[in-house]
Amino acid sequence: MPVAKPESCDSRVIAHIDMDCFYVQVEQRKQPQLRGLPTAVVQYNEWKGGALIAVSYEARKFGVKRSMRGEEAKEVCPQIHLVQVPVARGKADLNGYRNAGSEVMSILARRGRCERASIDEVYLDLTDAAETMLAEAPPQHLEAIDEEALKSHILGLNNEDGSDVKEIVRNWIHRCHADHRDKLLACGILIVAELRMQVLKETEFTCSAGIAHNKMLAKLASGMNKPAQQTVVPFSSVQGLLNSLPIRKMKQLGGKLGMSLQIDMGVNTVGDLLQFSEEKLQERYGLNTGTWLWNIARGINGEAVEGRLLPKSHGSGKTFPGPRALKTVSAVQHWLNQLCEELSERLCSDLEQNKRIAHTLTLHARAYKSSDSDSEKKFPSKSCPLRYGTAKIQEDAFNLFQAGLREYIGLYGVKSQGSHYSRWGITSLSVSASKIVPIPSGTCSIVKYFHWQSSSHFSSIQSAENLRMDATHLSPPGNESYSEVGLPEPKIHFPGEDSWIEDTTPGLGLQEQKINVWKDEDLSCSPSKKKVDGFTEDTSPLLLSGTQGCLEQNQNKQQREFSKDESRFKSEYREQKGTRLKNKGTSSILKFFKSCNPSGTSLSQEHDRTVQGTDAQLTNGAGFQSSCHNLAELNEVEVAKENGTSSHSYIRDQDEWRREAWSYNINEIDPSVIDELPMEIQDEIQAWLRPRKRPNNIV
DNA sequence: CATGATGACGCT
DNA sequence: AGCGTCAT
């Protein structure tokens with residue numbers, strides 16, 4: 001449900017940039033002979049010519065639409081050129097488009113806060129840039145204005161007669177008696193026109209843009225004149241625009257909510273919403289959504305442009321429609337392995353390029369079950385802590401699937417497949433990685449240190465009791481739900497056609513798995529990777545060079561969530577702190593990383609701040625794939641923290657650890673603690689301390 | 001069980 | 001954590 005947010009400032013300048021039939025453009029750049037021709041991108045063409053996922057404007061003239069099948073497209077447009085999405089591991093591979101999207105992002109991020117809305121859409125907050133321009137080089141003093149800016153569409157401008165449109169636009173931009181808000185938009189026009197030209201020049205991609213005072217209006221405007229054009233919504237034309245706008249055209253109202261508005265309330269245009277009081281809307285749709293609707297009707301939308309250039313999650317999925325549904329567990333396992341391979345690769349790239357790690361692995365599936373009453377039941381999604389390394393992800397994902405399948409088929413059936421009881425089929429599978437957070441700079445050697453520290457700590461200090469608990473945490477999550485409720489742990493076997501559930505008793509098996517955690521298997525993400533000594537030597541130039549380009553930014557949301565959680569966390573933390581330290585505070589490194597941070601200054605924030613200043617480079621990913629061979633250590637840091645904070649659910653431990661580990665005030669570090677660290681770590685701490693003082697003086 | 005693959009986000 | 005909605 002949409003939620004209302006207060007406006008941050010009197011008059012913002014917001015742009016929404018939308019790439020024109022993006023996938024088509026990417027393919028046309030690869031094959032320039034396709035430019036200007038009716039073209040579409042299809043994925044898979046076995047069944048009815050594949051599904052269209054992008055259609056060029058030339059092809060749209062023939063009535064070709066997204067979601068048509070390739071064969072249908074050929075019927076209405078026989079000359080159409082169909083380009084297939086690359087396939088890797090038996091599934092569509094969108095990485096080429098992701099990388100192309102990153103190229104665009106890095107250009108658009110130059111002029112202001114920039115939010116990646118999707119692979120081909122971006123919001124920009126150009127308020128500051130516009131204010132600056134207005135103060136230093138206002139449009140009315142600009143003699144020459146970009147040809148591109150003059151092609152802008154200005155909503156509400158009476159340009160229907162035969163007069164020269166460009167001249168009208170020029171006059172509008174130049175008006176010196178204009179309202180301050182319009183002057184800001186005029187600056188926005190110039191800035192966006194320039195950005196779009198830069199995008200075209202540097203990437204060969206065209207895009208369309210909307211410029212307005214908020215995200216909703218900018219998004220609305222960007223779609224009004226495509227392709228390769230920009231549209232402005234002056235304040236004075238907002239109501240006129242909205243009054244006649246069909247309600248379902250509004251973002252967020254294209255689904256059930258919009259339908260309910262139409263059916264239940266008789267609201268057909270946004271203007272129709274004006275009749276209803278805020279209370280009435282709240283009564284019908286809840287406080288948040290009600291207020292949001294009331295605001296929308298008035299063109300009010302306070303949503304901020306988040307500074308976020310990178311996705312918050314990565315997913316890899318595939319559907320198995322109709323007769324392709326997966327009917328055996330081993331078929332599922334095969335496809336899960338493919339999906340996990342891709343996911344792991346992308347996580348690896350994210351780690352290298354952006355210095356981020358994901359913390360949660362989630363499995364989604366859709367299934368049907370015939371012959372039983374509850375064939376409607378949804379397949380449950382399951383998640384668990386994410387361990388890096390392809391094999392580990394595969395193993396965990398498979399266990400998540402088995403846990404889901406057990407729930408899905410229910411406990412009644414001993415025999416579940418191959419007999420007449422209930423026949424299931426998996427029609428869609430996906431794995432995703434979320435809770436992605438930046439690694440503080442310099443974590444490399446810290447991580448290595450933990451590798452050493454946690455190993456010794458584990459083997460020498462950990463009690464047998466804690467060992468079992470950690471085994472619960474770390475063992476594949478399929479076991480977890482069972483151990484939670486204290487049930488014995490059924491396993492599904494799949495020797496071919498049939499699968500069945502069998503009771504097993506938990507015992508040594510868990511500990512054996514625990515041991516496995518420490519073995520590094522299959523952690524490489526690139527074929528060129530060579531495993532060194534498995535211990536410390538970090539030969540990765542990418543990880544060593546502090547300046548390696550990251551598409552980083554001020555991870556706005558994440559920062560806020562961190563600090564927001566912090567206060568809540570602090571009270572909880574204090575009440576548990578004593579006992580925890582008493583239990584396991586034998587190593588001062590752990591205490592060191594536990595020391596709380598009263599001032600609220602966190603290393604992760606500092607990290608964001610420093611990285612923000614660096615030149616954002618969106619590495620192409622295609623260029624080179626260097627190795628990620630310290631992924632094992634990443635996993636082991638997770639283990640270390642759980643050792644330090646066990647006796648709670650692993651979920652809380654995960655969050656606590658991050659706060660405890662990185663949210664401390666660096667000024668309050670006891671120097672004697674630093675002395676206990678190895679030399680290389682000490683150096684790094686010094687490196688943190690030194691530059692840290694600067695911002696206060698400079699800024 | 002033929003709009004496929006991905007994402008973001010809100011509710012509980 | 002898990003589910004549902006919405007978008008492209």
Side-chain angles (χ1 to χ4, degrees), chain A residues 1-5 18-19 21-23 41-44 46-55 65-70 72 85 87 91-95 97-98 101 115-121 219 223 248 250-260 286-289 292 303 306 308 310-327 339 342-343 346 360-364 366-370 375 378-385 400 403-404 407 423-436 477 480-481 484 557 649-652 654-655:
Chain A
M1 292 272 125
V3 161
K5 311 237 165 115
D18 192 346
M19 305 307 294
C21 55
F22 189 46
Y23 292 5
V41 173
V42 306
Q43 59 189 2
Y44 316 123
E46 300 288 303
W47 196 71
K48 298 192 177 178
L52 271 58
I53 56 176
V55 181
K65 289 181 185 157
R66 231 166 119 250
S67 89
M68 276 171 84
R69 309 301 309 194
E72 277 178 278
V85 172
V87 172
K91 66 177 293 298
D93 177 9
L94 304 184
N95 278 324
Y97 309 125
R98 290 193 186 92
E115 174 181 332
R116 179 194 138 121
S118 78
I119 196 170
D120 69 341
E121 282 176 71
K219 163 79 178 169
R248 325 236 12 237
M250 190 66 78
K251 185 163 154 143
Q252 297 295 303
L253 296 182
K256 295 183 176 181
L257 180 56
M259 187 59 79
S260 164
L287 290 180
N288 286 331
T289 305
W292 182 83
E303 236 176 292
E306 306 288 338
R308 185 177 50 78
L310 302 174
K312 290 181 162 182
S313 66
H314 297 291
S316 175
K318 179 168 176 59
T319 59
F320 307 94
R324 299 203 191 189
L326 309 181
K327 302 213 166 104
L339 299 176
E342 186 197 322
L343 181 62
R346 283 165 56 194
T360 301
L361 176 70
T362 304
L363 175 130
H364 290 273
R366 289 198 319 186
Y368 68 87
K369 194 169 35 166
S370 64
S375 64
K378 304 268 190 242
F379 195 98
S381 66
K382 295 284 165 194
S383 52
C384 71
L400 290 174
E407 267 181 44
R423 188 146 222 127
W424 50 263
I426 298 297
T427 57
S428 124
L429 271 181
S430 84
V431 289
S432 58
S434 58
K435 301 201 178 121
I436 305 179
E480 216 153 50
S481 52
E484 260 174 27
K557 191 70 167 281
S649 80
Y650 73 84
I651 300 160
R652 281 226 17 218
Q654 196 164 353
D655 282 349

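Note on naming: letters A, B, ... go to the chains in the order of the sequence lines (proteins, then strands), and numbering restarts at 1 for each one.
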- [ ] Take atom CE of A:Met259 and atom P of C:dA7, then tell me their distance rounded to the nearest Å.
- [x] 11 Å
Open item on the list: Mind checking if A:Arg248 touches a base, just sugar-phosphate, or nothing, with heavy atoms under 4.0 Å?
Closed with: nothing
Task: Flag, side chain of A:Arg248 to backbone of A:Gly255, donor-acceptor distance under 3.5 Å - done: yes
- [ ] Kindly point out which of C:dC3, C:dC6, B:dC9 is positioned nearest to the side chain of A:Leu257?
- [x] C:dC6
Task: Residue closer to the 5' end of DNA chain B, A:Ala117 versus A:Arg66 (nearest nucleotide) - done: A:Arg66
TODO: Give one of base, sugar-phosphate or nothing for A:Pro2, where a contact means two heavy atoms less than 4.0 Å apart.
DONE: nothing
TODO: Look through every strand shown and name the nucleotide pairing with C:dA1 as Watson-Crick or G-U wobble, where both distances are under 3.5 Å.
DONE: B:dT12
- [ ] Tell me which nucleotide among C:dA7, B:dA5, C:dG2 gets nearest to the side chain of A:Leu94.
- [x] B:dA5
- [ ] Could you tell me whether the side-chain ring of A:Tyr44 sits stacked on the base of B:dG4, using a centroid cut-off under 5.5 Å and a plane angle under 30°?
- [x] no
Open item on the list: Checking contacts here: which listed nucleotide (B:dG4, B:dG7, C:dA1) is nearest the side-chain heavy atoms of A:Arg69?
Closed with: B:dG4
Task: For atom CD1 of A:Ile53 and atom C1' of B:dA2, their distance in whole Å - done: 16 Å
TODO: Identify whether any heavy atom of A:Leu253 sits under 4.0 Å from a base atom; if not, whether one sits that close to sugar-phosphate; answer base, sugar-phosphate or nothing.
DONE: sugar-phosphate
TODO: Would you mind pulling out the nucleotide paired to C:dA7, Watson-Crick or G-U wobble, both distances under 3.5 Å?
DONE: B:dT6
- [ ] Measure the distance from CH2 on A:Trp47 to P on B:dC1 and round it to the nearest whole Å.
- [x] 13 Å
Task: Residue A:Ser313, side-chain heavy atoms: nucleotide from C:dC3, C:dT8, B:dG7 that is nearest - done: B:dG7
Task: A:Ser383 side chain, from C-beta outward: closest of B:dC9, B:dA5, C:dG2 - done: C:dG2
Task: Nucleotide nearest A:Asp120 when distance is taken to its side chain, options C:dT8, C:dG2, B:dG10 - done: C:dT8
Task: Nearest-nucleotide 5' precedence on DNA chain C, A:Lys219 against A:Met1 - done: A:Met1
Task: Of the listed nucleotides C:dC6, B:dA5, B:dC11, the one nearest the side chain of A:Asn288 - done: B:dC11
- [ ] Between A:Ser430 and A:Arg324, name the one whose nearest nucleotide on DNA chain B is closer to the 5' end.
- [x] A:Arg324
TODO: Just compare B:dG7, C:dC6, B:dC11 and give me whichever is closest to any side-chain atom of A:Pro311.
DONE: B:dG7
